[in-house]
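Shown next, in structure tokens, is the structure this report addresses.
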Number of protein chains: 2
Amino acid sequence: MTDTADDTDLPASRPERFHQARAAQAMAVLEDYAEMIGDLIEEMGEARITDIAGRMGVAHPTATKAVARLKREGLAVSRPYRGVFLTEEGAALAERVRARHRTVVDLLIAVGVPPETAEMDAEGLEHHVSDVTLRAFERYLAAAAKT
Amino acid sequence: MTDTADDTDLPASRPERFHQARAAQAMAVLEDYAEMIGDLIEEMGEARITDIAGRMGVAHPTATKAVARLKREGLAVSRPYRGVFLTEEGAALAERVRARHRTVVDLLIAVGVPPETAEMDAEGLEHHVSDVTLRAFERYLAAAAKT
DNA sequence: ACAAAAATGTAGCCTCGGCTTTAATTCTGT
DNA sequence: ACAGAATTAAAGCCGAGGCTACATTTTTGT
Ligand SMILES: [Mn+2]
Ligand SMILES: [Mn+2]
Ligand SMILES: [Mn+2]
Ligand SMILES: [Mn+2]
């Protein structure tokens with residue numbers, strides 16, 4: 001045995017933190033596709049595989065597989081050669097993800113990150129921002145606005 | 001064609017932002033293992049597969065494969081049944097990652113995230129913090145300290 | 001010294017998210 | 001109407017990062 005029990009771990013053990021980060025990562029693709037499909041439906045009335053793939057920067061078979069996973073998870077529906085639509089649950093996820101994305105970008109800008117960089121980094125960061133952290137960001141932004 | 005050219009994209013196109021996030025993610029595991037191996041060597045003089053696996057919260061063959069990748073990328077060395085060691089490049093990476101992790105935690109705390117949550121979220125967030133953003137965080141923390 | 005325990009390695013399986021290639025279907029313009 | 005273009009689907013490849021089960025080697029205790 002090597003370890004002396006475990007460091008500073010009264011609350012979440014170190015392995016637990018890695019587990020959490022991996023779980024968040026597993027949701028990341030689903031979240032981005034849901035948000036993107038929501039965007040497309042709003043902007044152009046429908047979400048086509050080609051457009052999804054184009055905006056995600058992937059080949060269209062990759063988008064097709066992602067949509068298949070969304071469907072499997074009950075977040076989207078589609079029929080062959082028709083567009084993709086979000087279920088209620090999928091739409092709710094998309095909305096949450098969109099709001100969180102905005103908050104993350106705003107927080108980054110508020111602490112001095114250049115807007116362009118903020119937008120860039122937020123695309124990856126957003127998926128690892130917990131609810132607790134998100135609420136802290138919102139409070140910070142509200143307080144900063146009052147100044 | 002569907003899209004009306006592209007939204008707000010003078011600088012980094014939307015697909016480009018997703019590419020960037022995916023690239024960052026591809027480094028994440030390497031970064032965490034490098035940092036962990038550095039920690040273990042410092043704390044106990046050597047990094048054993050069992051300890052690496054234990055702290056990462058994975059089965060030991062998973063750690064073995066990660067170390068194999070580190071070796072393949074020139075970041076670590078090891079011989080069968082001996083511990084794992086970082087190359088110069090690996091140690092430099094570990095150091096950078098450790099510093100960035102601290103800065104991210106500090107920034108989160110500074111904007112009002114509970115320390116426990118900050119530590120939790122930072123484990124995933126850190127890998128998506130670009131150099132530009134990291135420097136902005138440092139400036140913010142320095143300014144906040146002066147208050 | 002040597003048997004049992006612990007650590008490490010190896011093989012083989014899975015899912016996910018990329019990709020290319022090829023087939024099927026739908027849309028479009030004349 | 002229908003040929004060609006565009007879109008979508010399907011199949012099959014890859015690497016990464018998980019896992020379990022089993023083999024090998026090293027360490028340890030008597
Ligand atoms: Mn994203
Ligand atoms: Mn986003
Ligand atoms: Mn991490
Ligand atoms: Mn870390």
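Order of the sequence lines fixes the chain letters, A, B, ..., with proteins taken first and strands second; residue numbering starts at 1 for each chain. Nothing here was measured: the structure is a model prediction, and the numbers come from that model.
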Self-check item: Length of the CD1-C1' vector between B:Ile52 and D:dG17, whole Å
Solution: 16 Å
Quiz item: D:dG17 phosphate, OP1 or OP2: any side-chain N/O from B:Thr62 under 4.0 angstrom?
Solution: no
Practice problem: Starting from P on C:dA7, measure out to CZ on B:Arg79 and report it in whole angstrom. | Solution: 20 Å
Self-check item: Over all atoms of both residues, closest heavy-atom pair of B:Gly112 and A:Ala136
Solution: O-CB, 3.6 Å
Quiz item: A:Tyr33 near the nucleic acid: base, sugar-phosphate alone, or nothing, with a heavy-atom cut-off under 4.0 Å?
Solution: sugar-phosphate
Exercise. Go through D:dT7, C:dG9, C:dC16 for me and flag the one nearest to the A:Arg72 side chain.
Key: C:dC16
Self-check item: B:Thr50 side-chain N/O to C:dT8 phosphate OP1/OP2 under 4.0 Å
Solution: yes
Exercise. Round to the nearest Å and state the distance from B:Lys65 atom NZ to C:dT15 atom P.
Key: 14 Å
Quiz item: To the nearest Å, how far apart are A:Leu30 CG and C:dG18 P?
Solution: 11 Å
Exercise. Run the salt-bridge test on A:Asp39 and B:Arg14 with the 4.0 Å N-O cut-off and return the result as yes or no.
Key: yes
Quiz item: How many Å lie between NE2 on B:His127 and P on D:dG17, as a whole number?
Solution: 11 Å
Quiz prompt | Electrostatic pair A:Glu46:A:Arg48 at N-O distance under 4.0 angstrom | solution = yes
Quiz item: With centres under 5.5 Å and planes under 30° as the test, does A:His60 stack with D:dT7?
Solution: no
Quiz item: Nearest to the side chain of B:Pro61, which nucleotide is it out of D:dT7, C:dC19, D:dC19?
Solution: D:dC19
Practice problem: To the nearest 0.5 Å, tell me how far A:Ile37 CD1 sits from A:Phe85 CZ. | Solution: 10.5 Å
Practice problem: Kindly give the heavy-atom pair with the smallest separation between A:Val97 and A:Glu35, and that separation in Å. | Solution: CG1-OE1, 3.2 Å
Quiz item: Which sits closer to the 5' end of DNA chain C, B:Pro80 or A:Gln25, going by the nucleotide each is nearest to?
Solution: B:Pro80
Quiz prompt | Whichever of B:Ala26 and B:Tyr81 has its nearest DNA chain D nucleotide further upstream toward 5' | solution = B:Ala26
Quiz prompt | Closest to the A:Ala59 side chain, choosing from C:dG17, C:dC19, C:dT8 | solution = C:dC19
Self-check item: d(NE2, B:His19; C1', C:dG18) in whole Å
Solution: 9 Å
Exercise. Please check the phosphate of D:dT8 (OP1 and OP2 only) for any side-chain N or O of A:Arg48 closer than 4.0 Å.
Key: yes
Quiz item: How many Å lie between CZ on B:Arg22 and P on D:dG15, as a whole number?
Solution: 19 Å
Quiz prompt | A:Thr64, nearest nucleotide to its side chain (from D:dA9, C:dG9, D:dC19) | solution = D:dA9
Exercise. Give the rounded distance in Å between these two atoms: CG of B:Leu70 and P of D:dG17.
Key: 10 Å
Quiz item: Any side-chain N or O of A:Arg82 less than 4.0 Å from the OP1 or OP2 oxygen of C:dC27?
Solution: yes
